[in-house]
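For reference, the structure is listed below as structure tokens.
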Amino acid sequence: MPVKVLLADDHKHAREGMRTIVSAMDDFEVVGEAASGEEALELAGALRPDLILMDIHMPGMGGFEAVKAIKSAYPEAKIVMVTVSDEVSHLFEAIRKGAQGYLLKNLNPSAWREYLRAVALEETPLNPELATAILRELSARKTADPATARKDLSEIEPLTPREREILQEVARGKTNREVAAALILSEHTVKNHLKNILQKLHLDNRVQLTRYAYERGMVETD
């Protein structure tokens, strides 16, 4: 069955661009379009899409509010925020509201397709631009507040050495296949480890894992 996609953006041309990208993917199907957060919430209930591409800035109910409402009513839906902004605060807010990913509108179509397939497979990598933005933000916070400096990992999280290795690779933006190749493991083993890591840390997705790893100094920031 194809992945059912709902597009939510108040600009018609933006929706047309997203539809063109998604329609070129044989395993994806656009099932509806919304021009506001309210409409996206209504269509999410009527169409039950697998994936929603959501603009951040829309009149009325904005993208962040729509994500929160949709995830509350339909937690199984995957949501990717779509925006021209690379502000790391927007990324953090999107993930806090429940989004599974974050796409910049200026990325090329092939990058979009690769990312959307990863989201559908629950392997969402963080694109390099946003990973760099997170690094800058967290490095600045550590400089401003020494209390957030690196701590003894054994005292702050319950991961095994292998799980820490996998988390570090994920935080560098690698997919399951790339992590498996780097650590000489099977993709199935990596996927099982990631499931355990998410459960142990009470996190929901790979972007939250990435932020966790950077905040605790598990990935070098220089």
Where [X] and [Y] come nearest, the two heavy atoms and their spacing:
{"X": "E29", "Y": "P2", "value": "OE1-CG, 3.6 Å"}
{"X": "D10", "Y": "P59", "value": "OD2-CD, 3.5 Å"}
{"X": "L6", "Y": "A44", "value": "CD2-N, 4.1 Å"}
{"X": "A77", "Y": "I52", "value": "CB-CD1, 4.4 Å"}
{"X": "V179", "Y": "E169", "value": "CG2-CB, 3.7 Å"}
{"X": "R15", "Y": "A35", "value": "NH1-CB, 3.8 Å"}

Pair [X] + [Y], salt bridge at N-O below 4.0 Å:
{"X": "K68", "Y": "E65", "result": "no"}
{"X": "E16", "Y": "R19", "result": "no"}
{"X": "E76", "Y": "R48", "result": "yes"}

Under 4.5 Å between any side-chain heavy atoms of [X] and [Y], yes or no?
{"X": "V22", "Y": "L51", "answer": "no"}
{"X": "V5", "Y": "M25", "answer": "no"}
{"X": "M18", "Y": "W112", "answer": "yes"}
{"X": "Y102", "Y": "T83", "answer": "yes"}
{"X": "L53", "Y": "L116", "answer": "yes"}
{"X": "L185", "Y": "E165", "answer": "no"}
{"X": "I197", "Y": "K200", "answer": "no"}
{"X": "L209", "Y": "L167", "answer": "yes"}

Inter-residue atom distance [X].[atom1] - [Y].[atom2], 0.5 Å rounding:
{"X": "L159", "Y": "H193", "atom1": "CG", "atom2": "NE2", "value": "11.0 Å"}
{"X": "L41", "Y": "Y74", "atom1": "CG", "atom2": "OH", "value": "6.0 Å"}
{"X": "T175", "Y": "R117", "atom1": "OG1", "atom2": "CZ", "value": "14.0 Å"}
{"X": "K191", "Y": "I166", "atom1": "NZ", "atom2": "CD1", "value": "13.5 Å"}
{"X": "D55", "Y": "M81", "atom1": "CG", "atom2": "CE", "value": "7.5 Å"}

Checklist line | D50 side-chain N/O to K4 backbone N/O, donor-acceptor pair under 3.5 Å | finding: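 Answer holds: yes.
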
Note to self: Whether the side chain of E38 engages the backbone of M61 through a donor-acceptor N/O pair (distance < 3.5 Å, no angle test) should be reported.
What the structure shows: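 Yes.
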
Margin query: What verdict does the side chain to side chain contact (heavy atoms under 4.5 Å, CB included) test give for K71 and I79, after you've listed the backbone C-alpha separation in whole Å, the side-chain angles of each residue and the deciding distance to 0.1 Å?
Written below: CA-CA 8 Å; K71 293 297 288 188; I79 304 177; 3.8 Å; yes

Checklist line | side chain to side chain contact (heavy atoms under 4.5 Å, CB included) evaluation trace for E163 with L201 | finding: CA-CA 11 Å; E163 288 169 342; L201 301 181; over 6 Å; no

Checklist line | NZ (K195) with more than 12 external heavy atoms under 6.0 Å | finding: no

